[in-house]
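We use all heavy atoms of the structure for the numbers below, so side chains are in, but hydrogens, waters and symmetry mates are not. Fair warning: this is a prediction, and the values are worked out from it, not measured in the lab.
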Amino acid sequence: MQREFRRLSRRTQHLLSLPEGLNVDFKREVQAVKSSDLVAFANTPQGGTLLIGIDEYTADNGVQRGRVVGCDVDDKARLTLVNKSTGCIPNIELQIFTENLAASKPILRVEIPSGQHRPYCTQRGEYAVRTDGRNRALLPEELLAIFMEREGEQFLSRFRDAVYQLENQLGSVSHALSEGMLGVSERLYELDHQLQRTLNRIEQLTDSNKKRSRNLMQALRQSQAGIVQLENSIAPVINDQGQHLLQDIEHKLGMLLDLLDSDGGNGGMNH
């Protein structure tokens with residue numbers, strides 16, 4: 001962004017063609033700028049501009065205008081403005097431009113944007129706002145309205161940020177769950193298929209062979225306990241199809257255990 005101009009910028013020329021008003025104020029020198037001037041523009045919805053090095057005069061039509069007379073534009077002048085802005089509560093951001101350098105009457109254009117942390121006040125606790133060509137104190141109801149607006153905007157910003165983060169987190173969780181559930185479903189179908197084959201084979205075994213299936217019974221009991229634990233863990237997030245599959249697996253495990261217990265018991269008694 002250009003900060004120095006050899007002549008007057010178009011913006012300054014336009015502002016000089018207008019009288020002092022809601023968004024522009026003329027100052028003869030930097031020392032004439034008060035903290036309340038900065039506060040007033042920062043509290044105004046559109047912000048405003050200070051033209052320093054400008055003297056007021058009354059035109060032939062009776063309207064006041066500004067003429068360029070020049071002012072100090074050195075580092076000391078800039079530091080004076082910055083100190084005034086940082087002395088406000090909260091600090092006010094300024095954009096300082098130097099213009100008309102080619103002439104013998106340089107000026108300063110100070111842009112004061114509408115503050116994001118309104119309301120602003122001076123170190124003395126003075127709250128002001130810019131009206132038509134002047135500064136005035138903020139009324140209590142105006143101060144309350146600004147406070148409520150600021151708190152509402154901050155709450156809305158925090159709420160939107162929280163919702164955005166929650167949506168991202170849920171998206172990541174949903175993605176992970178969908179991938180995880182896909183893997184779980186594949187394992188469940190595989191286990192169900194294995195149980196069905198085991199059930200068919202046990203039904204074909206002789207009593208003597210069933211008696212030797214104690215290791216299988218122990219493995220089945222452990223599998224049954226593992227399925228119950230798995231069901232309790234994933235029940236809140238698994239779909240209906242997965243829940244029915246888990247129940248079917250539990251049922252088949254029970255059938256296998258009943259079959260082995262009954263046949264094994266009979267075989268043991270005969271033995």
Side-chain angles (χ1 to χ4, degrees), residues 1-5 7-56 63-68 71-73 77-100 106-157:
M1 179 183 297
Q2 185 177 354
R3 296 287 183 176
E4 296 183 353
F5 297 83
R7 293 180 173 78
L8 297 178
S9 66
R10 291 183 179 180
R11 174 166 175 76
T12 297
Q13 293 178 36
H14 172 69
L15 292 174
L16 287 173
S17 68
L18 305 173
E20 287 185 322
L22 179 63
N23 302 117
V24 61
D25 192 8
F26 303 144
K27 297 294 182 182
R28 177 63 182 79
E29 55 189 11
V30 172
Q31 288 72 20
V33 178
K34 300 178 181 179
S35 297
S36 57
D37 296 321
L38 306 180
V39 165
F41 279 129
N43 284 332
T44 301
Q46 295 81 22
T49 305
L50 286 174
L51 292 180
I52 307 173
I54 307 299
D55 200 9
E56 292 183 66
V63 179
Q64 284 190 326
R65 290 287 189 268
R67 68 160 60 94
V68 176
C71 68
D72 293 333
V73 295
R78 291 171 174 270
L79 183 60
T80 298
L81 293 171
V82 171
N83 287 339
K84 289 181 183 291
S85 67
T86 55
C88 298
I89 306 172
N91 295 347
I92 295 175
E93 297 292 332
L94 302 179
Q95 294 179 347
I96 303 176
F97 302 87
T98 305
E99 301 190 8
N100 211 32
I107 69 167
L108 293 174
R109 172 166 56 92
V110 183
E111 300 288 352
I112 304 108
S114 180
Q116 297 181 354
H117 306 289
R118 293 183 295 161
Y120 294 84
C121 69
T122 66
Q123 288 184 333
R124 296 182 179 181
E126 300 171 335
Y127 291 90
V129 66
R130 185 74 176 176
T131 56
D132 190 15
R134 65 185 182 89
N135 304 333
R136 68 166 176 82
L138 276 170
L139 301 177
E141 56 268 26
E142 291 175 320
L143 270 176
L144 179 60
I146 293 176
F147 275 118
M148 294 298 292
E149 180 182 0
R150 184 184 70 182
E151 291 302 315
E153 290 177 351
Q154 290 179 352
F155 170 80
L156 184 59
S157 176

Problem set entry | Side chain to side chain, Thr12 and Thr49, heavy atoms closer than 4.5 Å | no
Problem set entry | Gln123 CD: over 12 foreign heavy atoms closer than 6.0 Å | no
Exercise. Does atom CZ of Arg124 have more than 12 heavy-atom neighbours from other groups under 6.0 Å away?
Worked result: no
Problem set entry | Partner of Asp37 under salt bridge (charged side-chain N to carboxylate O under 4.0 Å, His left out), chosen from Lys27, Arg130, Arg134 | Lys27
For this session: Please check if the side chain of Gln64 supplies one atom and the backbone of Glu20 the other of a donor-acceptor pair under 3.5 Å.
Result: no
Problem set entry | Salt-bridge criterion met for Arg136 and Glu142 (N-O under 4.0 Å) | yes
Exercise. Closest heavy-atom contact between Lys84 and Val30?
Worked result: CE-O, 4.4 Å
Exercise. Which heavy atom of Tyr127 sits nearest a heavy atom of Tyr120, and at what distance?
Worked result: CD2-O, 3.2 Å
For this session: Quick one: closest heavy-atom pair of Leu51 and Leu15, and the distance?
Result: CD1-CB, 3.9 Å
Exercise. Under 3.5 Å, is there a donor-acceptor pair linking the side chains of Arg78 and Thr98?
Worked result: yes
For this session: Taking atom types as modelled, find out whether Ser36 and Glu126 have a side-chain donor-acceptor pair closer than 3.5 angstrom.
Result: no
Exercise. Short question: side chain of Glu111, backbone of Gln95 - any donor-acceptor pair under 3.5 Å?
Worked result: no
